[in-house]
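Note on naming: letters A, B, ... go to the chains in the order of the sequence lines (proteins, then strands), and numbering restarts at 1 for each one. The structure displayed is predicted, hence computed values, not measured ones.
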Number of protein chains: 2
Amino acid sequence: MPSLLKASRRSGGRDLRHSAAERRDEVLRAAVDAFAIHGLHGTSTEMIAKRTGISQPYIFRLFPSKKDLFLAAVDQCFDRVEAAFRKAAENPDVATASHHLGGSPADRRLHAMGHAYVRLVAHRELLLFQMQAYAACADDEIRRKVKQRWERLMKVTAELSGASRDELTLYFARGMLLNVVASIGLVPEGAADAWGHKALGIG
Amino acid sequence: MPSLLKASRRSGGRDLRHSAAERRDEVLRAAVDAFAIHGLHGTSTEMIAKRTGISQPYIFRLFPSKKDLFLAAVDQCFDRVEAAFRKAAENPDVATASHHLGGSPADRRLHAMGHAYVRLVAHRELLLFQMQAYAACADDEIRRKVKQRWERLMKVTAELSGASRDELTLYFARGMLLNVVASIGLVPEGAADAWGHKALGIG
DNA sequence: CCGCGAAGTTATTGAGTAATCAGTAATAGT
DNA sequence: ACTATTACTGATTACTCAATAACTTCGCGG
């Protein structure tokens, strides 16, 4: 039985070496998923390594510490939401019935962004990770980052939608309710989409 | 240097023995505070023991496991909110200007309960603990308990206030926004009260 | 084909941590 | 006063986990 090792590696040509940047990205995705479920302290670097398919210590060549990895994950998470919002605002009437009901342009855009958000968080990881980020705010560095990204998201949403401060507050409030409801599984996973629309008051 | 030990114990007469029930309660309070900040996995039983002023192993005589302690803390937390709501609903016009503006009885009661909630979570621990409870919902036992208590709270709130389903959804959505905003310290601790009133849409 | 930098691993450490056990001291009941 | 019960602690265990160090392997440019 010679050369048992690397038998798997050779096959196909997949899962060979990746560039550091690629690996960083893979680790980041795995990290968001893992952190989303178990939180900062409940997730071990070992878990993240296993999901990524690399050894645990290699994480620390890509990120200086577990906390730094978490911070990077926060950025990635907000980036995704922001991107979805921008795209929805640019093209408010795609995949939406909002051009039927009239409404002001601001309403239409907010509406479209709501749809985008619901679609985005249909995969629950993003939603759950957000909750974990809020929960981890005892750490001051994390709190600062989350706060900064939250404020930026509100600003961007305001600019994109042109909605008033009160409208936005209500809008975000409903989003947060959606987060909590998803966390505790008040709504069956399959029905999350429909429920989301209802909770946000759209559609 | 004889009898150094117990020198502290003798003095005064305080910090002597408590009944198991008393200690259980003390541990529970300390646990809520600690869990609120660091979460289920970020809080060690040692921390809770230190806060309570007992040895770490004694925790495990009062609670079978750390998770059971957390579950008990969840119950205590929701109990407190529920109690505050009941009290507010029974006597809606105490410490409130709501008898000035008319409004339906349901509105007045919801209004009063909103005030009660804001007052309750002015000490942030309750708020933060709630977030930690939602975040810990990856554990199925915890999720079930949180879900059960949440549903019960909604039912109680509905009965007490007589508000409609839509009113309640909005009400709870704003509460959740308040939670998040408090978590990330978007609002200075001192101003939390005023901000809370504004966020909940109460005068 | 060689060697050098980048990608990746194994082994290890040191600090912490939930939980158990075996015991000690205070109090209540008689 | 004495004993049974109840409150509580110290020592320890078995284990996990972030982080480091020291090593190996790959693949590219010359």
> Can you tell me how far C1' of C/dG8 sits from CZ of A/Phe63, to the nearest Å?
Replying inline: 16 Å

> Does the pair A/Asp139/A/Arg143 count as a salt bridge with the N-to-O cut at 4.0 Å?
Replying inline: no

> Counting side-chain heavy atoms from CB outward, which of C/dA11, D/dT9, C/dT9 is closest to A/Pro57?
Replying inline: C/dA11

>> Assuming nearest nucleotide by heavy-atom distance, tell me which of A/Arg61 and A/Leu40 is located more 5' along DNA chain D.
In response: A/Leu40

>> Can you tell me which nucleotide in C/dT10, C/dA19, D/dT9 comes closest to the side chain of B/Lys66?
In response: C/dA19

>> Classify B/Ile59 by what it touches in the nucleic acid, base, sugar-phosphate, or nothing, heavy-atom distance under 4.0 Å.
In response: nothing

> Can you check the B/Leu62 CG to C/dA19 C1' distance for me, whole Å?
Replying inline: 14 Å

>> Any side-chain N or O of B/Thr45 below 4.0 angstrom from OP1/OP2 of C/dA18?
In response: yes

> B/Arg24 has an atom CZ; how far is it from atom C1' of D/dT6, in whole Å?
Replying inline: 16 Å

> Which word best sums up how the rings of A/Phe70 and A/Phe129 line up, parallel for under 30°, tilted for 30 to 60°, or perpendicular for over 60°?
Replying inline: tilted

> How is B/Thr52 classified with respect to the nucleic acid when contacts are heavy atoms under 4.0 Å: base, sugar-phosphate, or nothing?
Replying inline: nothing

> Can you tell me how far C1' of D/dC17 sits from CG of A/Leu69, to the nearest Å?
Replying inline: 15 Å

> Which nucleotide sits closest to the side chain of A/Tyr58: C/dT9, C/dA19, D/dT9?
Replying inline: C/dT9

>> If I take atom CD in residue A/Glu46 and atom C1' in nucleotide C/dT12, what distance separates them, rounded to the nearest angstrom?
In response: 14 Å

> Hey, does A/Ser44 reach any base, or is it just sugar-phosphate, or nothing, if we go heavy atoms under 4.0 Å?
Replying inline: sugar-phosphate

> Using 4.0 Å as the upper bound for N to carboxylate O, is an ion pair formed by B/Arg29 and B/Asp25?
Replying inline: yes

>> Please confirm whether the shortest side-chain N or O distance from B/Arg17 to OP1 or OP2 of D/dC8 is below 4.0 Å.
In response: no

> Given atom CD1 of A/Ile54 and atom C1' of C/dT10, what is their separation to the nearest angstrom?
Replying inline: 14 Å

> What is the distance, rounded to the nearest whole Å, between atom CZ of A/Phe60 and atom P of C/dA7?
Replying inline: 18 Å

> CZ of A/Arg144 to CG of A/Leu71: how many Å apart, nearest 0.5 Å?
Replying inline: 10.0 Å

> How long is the line joining NE2 of A/His41 and P of C/dG16, in whole Å?
Replying inline: 14 Å

Which pairs of donor and acceptor atoms, one on a side chain in residues 81-90 of chain A, lie under 3.5 Å apart (sequence neighbours left out)?
from    : atom 1 : to       : atom 2 : distance (Å)
A/Glu82 : OE1    : A/Arg86  : NH2    : 3.4
A/Glu82 : OE1    : A/Arg152 : NE     : 3.4
A/Glu82 : OE1    : A/Arg152 : NH2    : 3.1
A/Glu82 : OE2    : A/Arg149 : NH2    : 3.3
A/Glu82 : OE2    : A/Arg152 : NE     : 3.1

> Looking at the side chain of A/His18, which of C/dG8, D/dA11, C/dT10 is the nearest nucleotide?
Replying inline: C/dG8

> Toward the 5' end of DNA chain D, which comes first, B/Ser19 or B/Gln56, by nearest nucleotide?
Replying inline: B/Ser19

